[in-house]
Peer 1: 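Handing you a structure now.
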Amino acid sequence: MRFTLILATMLMFFGFSANAHTDEQTGNKSSSLKEPWDKGAFETQKYRNLFAEAGYKQKDIDKKLNEVFESLFYGPQKVYFEVGDSMAYISDIKNHDVRTEGMSYGLMIAVQFDKKDIFDRLWRWGKKYMQHQSGDLKGYFAWSCKIDGTRNAAGPASDGELYYVTSLIFASNRWGNKGEINYLAEAQNILNCSMEKKDMQRSAPFINLEHKLITFTPDRWGGRFTDPSYHLPAFYEVWARWANDGRSDFWMECAAASREYLHKCINPETGLNPDYSNYDGSLMKGNRIIGDAFRFDSWRVPMNIALDYSWSCADKEWQNNYGNLIQNFLYKQGLKTFVDQFNVDGTLPEKILPAGGYTKLRHSLGLVATSAAASIQSTNDNRKEFIDELWNAKHEPYEDGYFDAYYDGLLRLFAFMHLSGNYKIIFPK
């Protein structure tokens, strides 16, 4: 029953046939991948359906996207849990906590799928347990809590705030602000509270005002460097258009600075980036050597650049080249076997970063997903093979028993949204 209702709702509200549809009779044996588009959705309000271009039938694409959503929110390996009548959280199961990363991703997914109940539940839980309502951290969210809401750490991680603001603006555009939650006011509160932290001792704006780049964490320590996977220039364009906070020019400057930064932090031979870097894109070295390699955070970068290409297309030539670089590098490692951690020069790292109690290089579903999303902007001959690899990939335990319902699952869903033409800018009604 739930499957039928959700599928019907998605078909009604998503409008699969409008911008991302090919002949219903098209089989998956033929394909005609188009060249990357020259204009972004801010201008056209249209999105590519690369699964359809690759030859998959629309009814199968709709079914697959719904199944991936269902598995995360309602299946036996779900990461979404409702609390009472009005709240819910998303948990990083393997680490036994609730993170602003997952909570803000959940908000974005909910508003994209037009799931207001899910969105409001997640917002209420995050506001109650994670958001600071006073003090130096006012407006920010504690990045990690136990599932009962007890904070594991008080400090924020800047990517959470980035997604919170954008998701709230989209919620305002989609559902308005006359209900229980004034979504736009909540987004503005986060932005205003952040800017008020200039010259504070304990905290700082989550955008470094000198470099106009997002911080790793908005404090004295994490404010000295950034994380390439936090960079989503098109989000700032959303803020410039609809945050209505009087900072439109500044947000557009941040978008331009973010794109320029990505040019500097990504290796021009491999397409790989480090987990963390200095604001000038250089490796940090020293005692943060773990952050100098392409690891778990870094998996998000191909998908993030695909989003910027799809929505804005403001850096077309470089992004085309980047998509080719990263896909060609991984393809040479073996499409079905490439591992999930590298030095940025393409060599294997001396130290393997553990995950969920396991220390092993593996062919991770999360990276399979994001590298497939890069097909949105790539022009290389193997881009369809990446799409097929994601389509056929199973989200199930690895041979050694390791299973990541949370990170692999969320990146997989985002990639399916991208490649089916259903990760959209939500314009005001």
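Computed from a prediction, not measured in an experiment: that's the story for all the values here.
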Peer 1: Give, for atom CG of Asp400 and atom NZ of Lys360, the distance between the pair rounded to the nearest 0.5 Å.
Peer 2: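 So the gap between those two atoms works out to 4.5 Å.
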Peer 1: About how many Å separate CE of Met195 and CD1 of Ile207, when rounded to the nearest 0.5 Å?
Peer 2: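 These two atoms lie 7.0 Å from each other.
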Peer 1: Going by distance alone, is a donor N or O of one side chain under 3.5 Å from an acceptor N or O of the other, for Thr379 and Asn324?
Peer 2: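 Asn324 and Thr379 do have a side-chain donor-acceptor pair below 3.5 Å.
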Peer 1: Hey, would you say the Phe329 and Phe342 ring centroids sit under 6.0 Å apart?
Peer 2: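 Yes, close enough.
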Peer 1: Among Phe416, Tyr406, Phe403, which one satisfies ring pair (Phe, Tyr, Trp, His ring centres under 6.0 Å) with His395?
Peer 2: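 Exactly one option meets the ring pair (Phe, Tyr, Trp, His ring centres under 6.0 Å) with His395, and it is Phe403.
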Peer 1: In terms of side-chain geometry, is the basic nitrogen of Arg99 or Asp92 positioned less than 4.0 Å from the acidic oxygen of its partner?
Peer 2: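 Looking at Arg99 and Asp92, the cut-off is met.
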Peer 1: Does NZ or CZ of Lys127 lie under 6.0 Å from the centre of the six-membered ring of Tyr164, at an angle within 45° of the ring axis?
Peer 2: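 No, Lys127 and Tyr164 do not form such a contact.
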Peer 1: Out of curiosity, Lys264 NZ to Asn278 CG, how far, rounded to the nearest 0.5 Å?
Peer 2: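 One gets 12.0 Å once the value is rounded to the nearest 0.5 Å.
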Peer 1: Take atom CG of Asn244 as the centre, draw a 6.0 Å sphere, and report whether it contains more than 12 heavy atoms from other residues, nucleotides or ligands.
Peer 2: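 Yes, the 6.0 Å shell around CG holds more than 12 heavy atoms from other groups.
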Peer 1: Would you say the side chains of Lys212 and Asn208 form a donor-acceptor pair under 3.5 Å?
Peer 2: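 There is no such pair between these side chains.
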Peer 1: For Trp239 together with Phe235, are the ring centres under 6.0 Å from each other?
Peer 2: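 No; Trp239 has its ring centre 6.0 Å or more from that of Phe235.
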Peer 1: Under 3.5 Å, is there a donor on one side chain and an acceptor on the other for Trp299 and Ser229?
Peer 2: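 Looking only at side-chain atoms, Ser229 and Trp299 do not form any donor-acceptor pair under 3.5 Å.
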Peer 1: Do you see a donor-acceptor pair shorter than 3.5 Å between the side chains of His263 and Asp315?
Peer 2: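 Checked: His263/Asp315 side chains pair up, N/O donor to acceptor below 3.5 Å.
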Peer 1: Hey, is the main chain of Ala293 close enough, under 3.5 Å, to the side chain of Asn343 for a donor-acceptor pair?
Peer 2: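 Side chain of Asn343 to backbone of Ala293: no pair is present.
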Peer 1: Can you list the steps and then say if Asn173 with Arg241 is a side-chain hydrogen bond (donor to acceptor under 3.5 Å, both in side chains)?
Peer 2: CA-CA 11 Å; Asn173 288 353; Arg241 288 169 179 253; over 6 Å; no
Peer 1: State which residues pass ring pair (Phe, Tyr, Trp, His ring centres under 6.0 Å) with Tyr423; sequence neighbours excluded, sorted by chain then number.
Peer 2: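 Scan of Tyr423 (ring pair (Phe, Tyr, Trp, His ring centres under 6.0 Å), adjacent residues dropped) gives Trp311, Phe414, His418.
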Peer 1: Are Glu237 and Arg259 ion-paired here, with the side-chain N under 4.0 Å from a carboxylate O?
Peer 2: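 So Glu237 pairs with Arg259 through a salt bridge.
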Peer 1: For the atom pair CD (Gln327) and OH (Tyr331), what is the distance rounded to the nearest 0.5 Å?
Peer 2: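 Between Gln327 CD and Tyr331 OH, I get 10.5 Å after rounding to 0.5 Å.
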Peer 1: Ser310 side chain to Ala306 main-chain N or O, any donor-acceptor pair under 3.5 Å?
Peer 2: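 Here the side-chain-to-backbone pair does not exist.
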Peer 1: Could you walk me through whether Tyr402 and Asp408 pass the side-chain hydrogen bond (donor to acceptor under 3.5 Å, both in side chains) test, one step at a time?
Peer 2: CA-CA 11 Å; Tyr402 173 76; Asp408 278 348; 5.5 Å; no
Peer 1: State, yes or no, whether a side-chain contact exists between Phe386 and Ile326 at a heavy-atom distance under 4.5 Å.
Peer 2: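 Phe386 vs Ile326: side chains apart.
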Peer 1: Is the closest side-chain donor-acceptor distance between Tyr261 and Ser277 under 3.5 Å?
Peer 2: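 Result is yes, a qualifying pair exists.
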Peer 1: Do Ser158 and Thr215 get their side chains close enough for a donor-acceptor pair, meaning under 3.5 Å?
Peer 2: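 Thr215 and Ser158 do have a side-chain donor-acceptor pair below 3.5 Å.
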Peer 1: Rounded to the nearest 0.5 Å, what's the gap from CG on Asn328 to CG on Asn321? Could you check?
Peer 2: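 Atom-to-atom, Asn328:CG and Asn321:CG are 9.5 Å apart.
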Peer 1: Looking at Asp340 and Arg362, does any basic side-chain N land under 4.0 Å from a carboxylate oxygen?
Peer 2: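 Here Asp340 does not pair with Arg362 in a salt bridge, since their nearest N and O are not under 4.0 Å apart.
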Peer 1: Taking CD in Glu260 as the centre, count heavy atoms belonging to other residues, nucleotides or ligands within less than 6.0 Å. Is the count above 12?
Peer 2: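 Not buried by this count: 12 neighbours or fewer within 6.0 Å.
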Peer 1: Roughly how far apart are Lys336 NZ and Glu389 CD, rounded to 0.5 Å?
Peer 2: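 The CD atom of Glu389 is 4.0 Å from NZ of Lys336, to the nearest 0.5 Å.
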Peer 1: Would you say the side-chain atoms of Ser258 and His231 include a donor-acceptor pair closer than 3.5 Å?
Peer 2: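 His231 and Ser258 do have a side-chain donor-acceptor pair below 3.5 Å.
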Peer 1: If only side-chain N and O atoms count, and only distance matters, is there a donor-acceptor pair under 3.5 Å linking Trp251 with Asp245?
Peer 2: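 Note: Asp245 and Trp251 side chains meet the donor-acceptor criterion.
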Peer 1: Are the ring centres of Trp125 and Tyr129 closer than 6.0 Å?
Peer 2: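 Ring centres of Tyr129 and Trp125 closer than 6.0 Å.
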Peer 1: Is the backbone N or O of Ser378 less than 3.5 Å from a side-chain atom of Asn320, with the two atoms forming a donor-acceptor pair by type?
Peer 2: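 Flag not set: sc Asn320 to bb Ser378 has no pair under 3.5 Å.
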Peer 1: Could you tell me whether the side chains of Arg383 and Ser375 share a donor-acceptor contact shorter than 3.5 Å?
Peer 2: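 The criterion, which ignores hydrogens and geometry beyond distance, is not satisfied for Ser375 and Arg383.
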Peer 1: Using a strict threshold of under 4.0 Å (side-chain N to carboxylate O), is an ion pair present between Arg300 and Glu101?
Peer 2: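 Salt bridge between Glu101 and Arg300, a charged N being under 4.0 Å from a carboxylate O: yes.
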Peer 1: Do Asn49 and Gln58 have a side chain donor and acceptor closer than 3.5 Å?
Peer 2: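 Judged by distance alone, the side chains do pair up.
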Peer 1: Can you tell me if Gln131 uses its side chain to pair, donor with acceptor, with the backbone of Phe141 under 3.5 Å?
Peer 2: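 Not at all, since once roles are kept as given, no pair shorter than 3.5 Å links the two residues.
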Peer 1: Looking at every non-hydrogen atom in both residues, tell me the closest pair between Thr359 and Ile352 and how far apart they are.
Peer 2: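 That closest heavy-atom pairing would be CG2-O, 3.7 Å.
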Peer 1: With no hydrogens and no angle check, do the side chains of Asn273 and Ser298 hold a donor and an acceptor under 3.5 Å apart?
Peer 2: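 Ser298 and Asn273 do have a side-chain donor-acceptor pair below 3.5 Å.
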Peer 1: For Ser104 and Gly160, which heavy atoms make the closest approach, and how far apart are they?
Peer 2: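 Minimum heavy-atom contact is CB-O, 3.6 Å.
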Peer 1: Strictly under 6.0 Å, is that where the ring centroids of Phe225 and Tyr279 end up?
Peer 2: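 Not close enough - the centres of the two rings lie 6.0 Å or further apart.
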Peer 1: Are side-chain N/O atoms of Trp175 and Asp114 paired as donor and acceptor at under 3.5 Å?
Peer 2: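 Their side chains do contain a donor-acceptor pair, which is all the 3.5 Å distance test asks for.
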Peer 1: Please determine whether side-chain hydrogen bond (donor to acceptor under 3.5 Å, both in side chains) holds for the pair Asn152 and Lys146, giving the CA-CA distance in whole Å, both sets of side-chain angles, and the decisive distance to 0.1 Å.
Peer 2: CA-CA 6 Å; Asn152 292 320; Lys146 295 180 173 63; 2.9 Å; yes
Peer 1: Does Leu209 have more than 12 heavy atoms from other residues, nucleotides or ligands lying within 6.0 Å of its CG?
Peer 2: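 More than 12 within 6.0 Å, yes.
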Peer 1: Salt bridge or not between Asp117 and Arg121? Use side-chain N to carboxylate O under 4.0 Å.
Peer 2: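 Arg121 and Asp117: salt-bridged.
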Peer 1: Do Asp120 and Tyr183 pair up side chain to side chain, a donor and an acceptor below 3.5 Å, judged on atom types alone?
Peer 2: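 Yes, because at least one side-chain N or O of Asp120 sits under 3.5 Å from a partner of the opposite role on Tyr183.
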Peer 1: Are Asp308 and Gln319 close enough, and set up right, to give a side-chain hydrogen bond (donor to acceptor under 3.5 Å, both in side chains), and what steps lead you there?
Peer 2: CA-CA 9 Å; Asp308 192 47; Gln319 291 173 342; 2.9 Å; yes
